[in-house]
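So the structure is just underneath, and the comments pick up after that.
Since we're looking at a predicted model, the values are computed, not measured. We use all heavy atoms of the structure for the numbers below, so side chains are in, but hydrogens, waters and symmetry mates are not. Each ligand, and each atom within it, is numbered from 1 in the order the structure gives. One-based numbering along the sequence shown.
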Amino acid sequence: SNKTLTVTAEPYSFEFIPNQCALLIIDMQRDFLEPDGFGAMLGNDVGQLRRTLGPNQKLLAAWRTCGLQVIHTREGHRSDLSDLPLTKKIRGRGKMCIGDVGPMGRILVRGEPGHDIVPELYPLPGEPIIDKCGKGAFYATDLDAILTNYNIKQLIVTGVTTEVCVSTTVREANDRGYECLVLEDCVGSYFEKFQVAALDMIKAQGGIFGWVSQSDKVLDVLK
Ligand code: C5J
């Protein structure tokens with residue numbers, strides 16, 4: 001639709017034109033969310049991310065029913081790792097690193113089971129998937145071109161993790177002139193204090209990077 005919808009949000013209402021607004025779902029990948037994935041193997045509490053599955057499923061279903069644009073992202077690398085900076089590969093000094101064989105195939109390598117999107121939120125044909133080698137979804141991808149081609153000017157951003165790939169993408173989007181609404185029940189962090197701080201930073205100073213709300217506030221106006 002072409003008419004403006006108004007969502008209750010912080011620091012003030014988020015107004016959007018549905019056919020100029022995409023739902024951007026960041027990195028809802030099996031290796032980050034599943035109990036036998038890479039994230040869990042590192043000792044992270046995947047429950048903090050899994051709580052976003054239900055709200056994301058409900059929002060995605062409603063968004064699709066309205067015929068609106070959905071875009072998915074995945075963090076990962078080419079199988080030859082030629083797009084993986086050595087600095088990223090060795091970061092953490094862990095036993096396992098990107099490209100090694102983990103519980104669900106090679107860690108963060110495209111085409112491996114653990115790299116793919118969780119079945120609950122699996123993309124439909126016609127929903128672009130952005131494969132990115134960085135944290136931000138704009139860096140070294142065609143996301144900006146796709147948004148321009150679809151006349152998308154605003155983003156409702158969900159996914160994981162709030163302080164890493166969601167935040168980086170929202171900041172990149174902001175600098176490119178997109179307005180972002182982040183839904184707190186649809187974004188997750190392994191660390192509660194980062195979840196709170198990352199969302200506070202987005203909406204601070206009059207919405208310096210965007211708006212924050214909850215999925216039910218969006219569902220309210222889509223009906
Ligand atoms: C994402 C990460 N997707 N935390 N990755 O946030 O490494």
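Taking the charged nitrogens against the carboxylate oxygens, R74 and D131 do have a contact shorter than 4.0 Å, which makes a salt bridge. Here R50 does not pair with E34 in a salt bridge; the nearest charged N to carboxylate O distance is not below 4.0 Å. Under the 4.0 Å criterion applied to side-chain N and carboxylate O atoms, K132 and D27 are assigned as salt-bridge partners.
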Protein N/O near ligand 1 N/O, under 3.5 Å, which pairs?
{"from": "ligand 1", "atom 1": "3 (N)", "to": "D27", "atom 2": "OD2", "distance (Å)": "2.7"}
{"from": "ligand 1", "atom 1": "3 (N)", "to": "V160", "atom 2": "O", "distance (Å)": "3.1"}
{"from": "ligand 1", "atom 1": "4 (N)", "to": "T161", "atom 2": "OG1", "distance (Å)": "3.3"}
{"from": "ligand 1", "atom 1": "5 (N)", "to": "E75", "atom 2": "OE1", "distance (Å)": "2.9"}
{"from": "ligand 1", "atom 1": "6 (O)", "to": "T161", "atom 2": "N", "distance (Å)": "2.9"}
{"from": "ligand 1", "atom 1": "6 (O)", "to": "T161", "atom 2": "OG1", "distance (Å)": "3.1"}
{"from": "ligand 1", "atom 1": "6 (O)", "to": "C165", "atom 2": "N", "distance (Å)": "3.2"}
{"from": "ligand 1", "atom 1": "7 (O)", "to": "K135", "atom 2": "NZ", "distance (Å)": "3.1"}

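For residues 191-207, every residue pair satisfying the salt bridge (Lys or Arg N to Asp or Glu O under 4.0 Å) rule, not counting sequence neighbours, is listed here: E10-K203, D200-K203.
Within the hydrophobic cluster formed by Ile, Leu, Val, Met, Phe, Trp and Tyr side chains joined at under 4.5 Å, directly or through other members, V164 stands alone, with no partner residue. Think of L86 as one node in a network of Ile, Leu, Val, Met, Phe, Trp and Tyr side chains linked at under 4.5 Å; its network also takes in I90.
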